[in-house]
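We use all heavy atoms of the structure for the numbers below, so side chains are in, but hydrogens, waters and symmetry mates are not.
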Number of protein chains: 2
Amino acid sequence: MDHLDLLSSLTVESHRKMILLVLDGLGGMPRPEDGQTELEAAHTPHMDRLAREGITGLSIPIRRGITPGSGPAHLALFGYDPLRYEVGRGVLAALGIGFELQPQDVAARGNFCTVDERGIIVDRRAGRIPSEVGAELCRRLDTIEVPGVETFVRPVKEYRFVLVLRGLGLSPAIADTDPQQVGYPPLPATAEKPEARHTADLVNRWIAQARRLLADSHPANMVLLRGFAQDPNLPKMPDLYKLRAAAVAVYPMYRGVARLVGMELLETGDPVRREFQTVADHWADYDFFFVHVKPTDSRGEDGDFEAKKAVIEAVDEALPILLDLEPAVLVITGDHSTPSQLRSHSWHPVPLLLWAPATVRPDRVTAFGESACAQGGLGHFYAQDLMALMLAHAGRLSKYGA
Amino acid sequence: MDHLDLLSSLTVESHRKMILLVLDGLGGMPRPEDGQTELEAAHTPHMDRLAREGITGLSIPIRRGITPGSGPAHLALFGYDPLRYEVGRGVLAALGIGFELQPQDVAARGNFCTVDERGIIVDRRAGRIPSEVGAELCRRLDTIEVPGVETFVRPVKEYRFVLVLRGLGLSPAIADTDPQQVGYPPLPATAEKPEARHTADLVNRWIAQARRLLADSHPANMVLLRGFAQDPNLPKMPDLYKLRAAAVAVYPMYRGVARLVGMELLETGDPVRREFQTVADHWADYDFFFVHVKPTDSRGEDGDFEAKKAVIEAVDEALPILLDLEPAVLVITGDHSTPSQLRSHSWHPVPLLLWAPATVRPDRVTAFGESACAQGGLGHFYAQDLMALMLAHAGRLSKYGA
């Protein structure tokens with residue numbers, strides 16, 4: 001039996017509420033001077049208390065050694081096998097800018113690029129044009145009309161944009177037009193399956209018009225498309241787990257992933273205290289709250305140890321807002337590690353604490369940090385198993401077998 | 001997605017080099033007087049430093065409780081699911097002596113044995129005849145001609161040899177002719193599947209001639225065959241992981257496994273210092289070095305605690321040769337445990353240390369040993385996951401998903 005089928009078949013309704021607090025990129029590496037990570041160096045009296053009263057462990061986002069992107073890392077936290085349920089790049093990009101994808105839409109990631117007079121790519125990123133220039137060019141491309149399909153062009157950042165096709169009978173089985181290296185012309189859109197021929201034809205007509213519209217706009221005088229994808233139509237959390245699920249997230253990408261799994265999106269905003277207050281404001285209406293804090297990851301990617309530590313401390317300081325709600329289960333973890341020393345996502349397992357006063361078997365860990373969690377009572381486990389642990393501690397899973 | 005497919009899809013090239021140092025049968029059991037294993041009792045200042053600076057854990061060769069042979073244990077270390085990729089003993093033996101197996105060849109391990117006048121086995125190893133005698137007898141058997149198939153007989157060591165059949169329509173589904181105990185006659189070759197009947201017939205004709213040719217050569221007057229197998233055509237490491245891989249191993253079996261996964265075999269020899277020097281001599285030419293040290297296992301199988309400990313100390317003393325090369329990633333582990341108390345391979349998980357100064361998240365372990373590694377930051381994990389960890393720490397894996 002599939003993991004989700006198992007969970008779903010055992011889930012029962014309950015009044016006990018759960019909060020999953022994800023500090024994006026929480027995991028870190030020790031700094032040389034005292035061997036402490038950002039989380040360990042941070043002053044976190046509330047988290048330390050929760051770790052002491054609860055149980056801890058290390059969460060492996062995908063598999064050992066695998067560094068995840070945000071999409072698969074969050075799917076795993078929500079209980080979905082991230083190797084089975086793949087969300088295409090185009091869809092993630094569309095979600096990332098808050099574009100409301102419809103079920104049959106096909107989305108692709110786009111780059112403005114530079115081609116020479118023979119049409120050969122000389123710069124795949126068009127000299128990294130400023131975001132304002134990219135946005136202006138997107139407005140130009142958004143005027144393209146291709147008979148039989150509606151098209152949308154939305155800027156992402158600098159030279160990047162999203163192209164969405166909306167219409168009947170579209171297929172995402174289209175190969176990238178980006179040859180991934182300079183010295184070649186952009187490839188035509190080609191169908192990877194017979195049913196995608198019509199879509200490939202529409203994309204090529206769109207590209208032909210884009211080429212004409214951009215002819216005078218050096219260096220961004222051509223486009224490259226990749227990651228064509230459709231809404232993967234994931235099973236939805238309310239159906240799977242028999243609960244009302246809400247997402248409190250500021251960044252579009254995470255709101256997008258939450259919507260893919262059937263959560264309702266609550267209006268909120270920075271700082272983290274405001275996000276927590278959003279949970280409090282809607283406490284009666286939902287059983288499961290996913291709360292996403294972005295700046296831990298951003299400061300890690302900046303390589304700023306102190307700033308990441310400060311974000312963690314701000315979260316800790318605001319925690320009483322959530323604790324006052326008396327959740328049955330509160331989990332604090334990350335979707336992956338973003339050590340400020342590496343300035344990027346990494347594969348290192350992520351510290352996790354599960355607090356559930358009525359049902360937890362506490363371990364001997366007395367502080368929230370990577371080294372402590374490595375000795376935690378939950379051991380090292382795949383993030384995909386977290387939802388089962390949360391549901392169990394909330395009394396929401398019945399017995400398997402007689 | 002299959003584990004190897006996932007790894008392969010994420011692997012990128014890099015200049016960072018990796019060394020996998022396998023002390024065969026490294027894991028042990030504590031001696032009563034002080035509760036220390038061979039590794040724990042050994043004076044290993046270099047390994048202890050590496051454990052302190054790196055991260056440690058316990059490697060489970062196949063699955064909990066499963067004692068592996070050398071073949072599957074090494075395949076797992078190289079990233080291959082040992083339950084999916086099976087390699088027959090005959091193939092391992094053939095590759096191990098440098099025999100260039102062709103894809104359709106069928107290979108078997110052979111023993112010279114002693115039978116009495118009634119044809120009953122009285123010694124399954126023919127009094128462990130010297131290698132020179134075995135080689136001379138192999139030359140004799142190599143003259144056998146069986147219509148419809150080409151046959152090769154090559155000596156391994158002492159009483160052991162390899163038989164290879166080359167021809168059309170051969171099948172490896174042949175049961176062993178070795179009854180595994182004295183007091184019985186050798187069994188005829190029998191087909192385990194209908195399509196192997198032709199091959200079984202050819203093998204029996206070969207055995208009949210071998211019996212005649214050996215009739216006068218007491219004590220090696222008969223042969224036993226087992227482990228009939230064909231090249232499993234494994235995916236090759238250079239393709240999977242985008243790297244140049246070399247093997248430094250003295251014993252044929254390990255050279256054979258390494259060749260099976262696409263490593264190049266470097267000329268080397270005893271003692272371990274010479275093996276390490278071989279790595280140094282070829283440092284520029286490869287990205288991944290598999291270095292195999294056999295005597296830890298041999299002394300464990302001898303039941304000689306002190307001798308196994310001494311081998312480990314000799315390895316530690318030679319380690320600076322490898323450390324001076326400044327690898328990006330160095331792993332020291334075993335393929336399985338061979339506790340001298342048990343005088344055999346065992347299922348006990350194997351201590352492992354991973355040293356990668358730029359990317360590792362160290363744990364609190366300060367010495368290399370079984371008890372310490374049981375508390376290590378890598379936890380307890382399948383050996384099959386090691387390659388992902390090595391590639392990750394060498395910056396050779398890209399992100400999974402966006």
Side-chain angles (χ1 to χ4, degrees), chain A residues 27-30 32 35 37 57-58 60-76 81-93 95-96 109 226-227 229 253 257 336-337 339 341-342 344-349 351 370-376 378-381, chain B residues 1-12 18 52-60 79 81 241 329 331 352 354 356-366 373-402:
Chain A
M29 286 169 58
T37 65
L58 286 180
I60 298 166
I62 310 291
R63 294 290 184 271
R64 286 177 172 82
I66 305 300
T67 296
S70 301
H74 275 84
L75 286 185
D81 179 350
L83 300 181
R84 173 173 170 189
Y85 295 99
E86 290 184 76
V87 181
R89 300 251 170 177
V91 167
L92 287 171
L95 297 176
R109 302 171 72 179
R226 58 202 168 101
M253 165 71 88
V257 176
H336 55 76
S337 294
Q341 294 89 339
L342 299 183
S344 67
H345 291 200
S346 78
W347 62 92
H348 301 93
E370 286 80 351
S371 290
C373 287
Q375 306 295 323
L378 289 173
H380 302 198
F381 62 98
Chain B
M1 198 187 305
D2 171 67
H3 171 76
L4 269 189
D5 291 341
L6 173 66
L7 272 197
S8 185
S9 71
L10 299 177
T11 307
V12 293
M18 302 171 280
R52 195 164 56 244
E53 295 174 3
I55 188 166
T56 67
L58 286 180
S59 160
I60 298 165
D81 179 351
Y241 305 137
V329 178
V331 165
L352 180 143
L354 186 155
T359 54
V360 78
R361 180 160 79 196
D363 54 25
R364 291 171 179 172
V365 166
T366 58
C373 287
Q375 306 295 324
L378 289 172
H380 302 199
F381 63 98
Y382 291 144
Q384 189 194 333
D385 286 339
L386 177 62
M387 274 304 304
L389 287 168
M390 291 185 73
L391 292 166
H393 282 86
R396 287 174 172 269
L397 286 183
S398 59
K399 199 159 63 172
Y400 174 68

Ignoring hydrogens, what is the shortest heavy-atom contact between Pro30(A) and Arg361(B)? Give both atom names and the distance.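 Looks like CD-CG, 3.8 Å.
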Heavy-atom closest contact (Gly65(A) atom, Ala392(B) atom, distance):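 Looks like O-CB, 3.2 Å.
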Toward chain A, the part of [X] with a non-hydrogen atom under 4.5 Å:
{"X": "Leu378(B)", "value": "backbone"}
{"X": "His393(B)", "value": "both"}
{"X": "Leu397(B)", "value": "side chain"}

Contact class of [X] relative to chain B, heavy atoms under 4.5 angstrom:
{"X": "Leu342(A)", "value": "side chain"}
{"X": "Ser344(A)", "value": "neither"}
{"X": "Glu370(A)", "value": "side chain"}
{"X": "Ile60(A)", "value": "neither"}

- Message: If you count heavy-atom pairs within less than 4.5 Å of chain A, which of Ala388(B), Gly401(B), Pro362(B) leads?
- Response: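 Ranked by contacts with chain A, first place is Gly401(B).
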Pairs of heavy atoms under 4.5 Å with chain B: top-ranked of [options]:
{"options": "Gly27(A), Ser371(A), Pro61(A)", "value": "Ser371(A)"}
{"options": "Ala374(A), Pro339(A), Gly379(A), Pro349(A)", "value": "Pro349(A)"}
{"options": "Glu86(A), His336(A), Arg84(A)", "value": "Glu86(A)"}

List for me each residue that meets side-chain hydrogen bond (donor to acceptor under 3.5 Å, both in side chains) alongside Ser346(A), sequence neighbours excluded, and say none if there are none.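 Ser346(A) satisfies side-chain hydrogen bond (donor to acceptor under 3.5 Å, both in side chains) with His348(A) once adjacent residues are dropped.
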Test of understanding: with side-chain hydrogen bond (donor to acceptor under 3.5 Å, both in side chains), list the residues that count as partners of Ser70(A), not counting sequence neighbours.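 side-chain hydrogen bond (donor to acceptor under 3.5 Å, both in side chains) list for Ser70(A), sorted by chain: Tyr254(A).
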Could you measure the distance from the CD1 atom of Ile66(A) to the CG atom of Leu6(B)? Nearest 0.5 Å is fine.
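Taking CD1 in Ile66(A) and CG in Leu6(B), the distance rounds to 4.5 Å.
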- With side chains defined as the heavy atoms from C-beta onward, is the minimum distance between Trp347(A) and Thr359(B) less than 4.5 Å?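 In contact.
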Measuring only between side-chain heavy atoms, which start at C-beta, is Thr67(A) closer than 4.5 Å to Leu10(B)?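 A side-chain contact under 4.5 Å is absent here.
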Under 3.5 Å donor-acceptor, Gln375(B) side chain and Gln375(A) backbone
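No: the side chain of Gln375(B) does not pair with the backbone of Gln375(A).
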**Prompt:** With no hydrogens and no angle check, is any side-chain donor or acceptor of Tyr400(B) less than 3.5 Å from a backbone partner on Pro82(A)?
**Reply:**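 Present.
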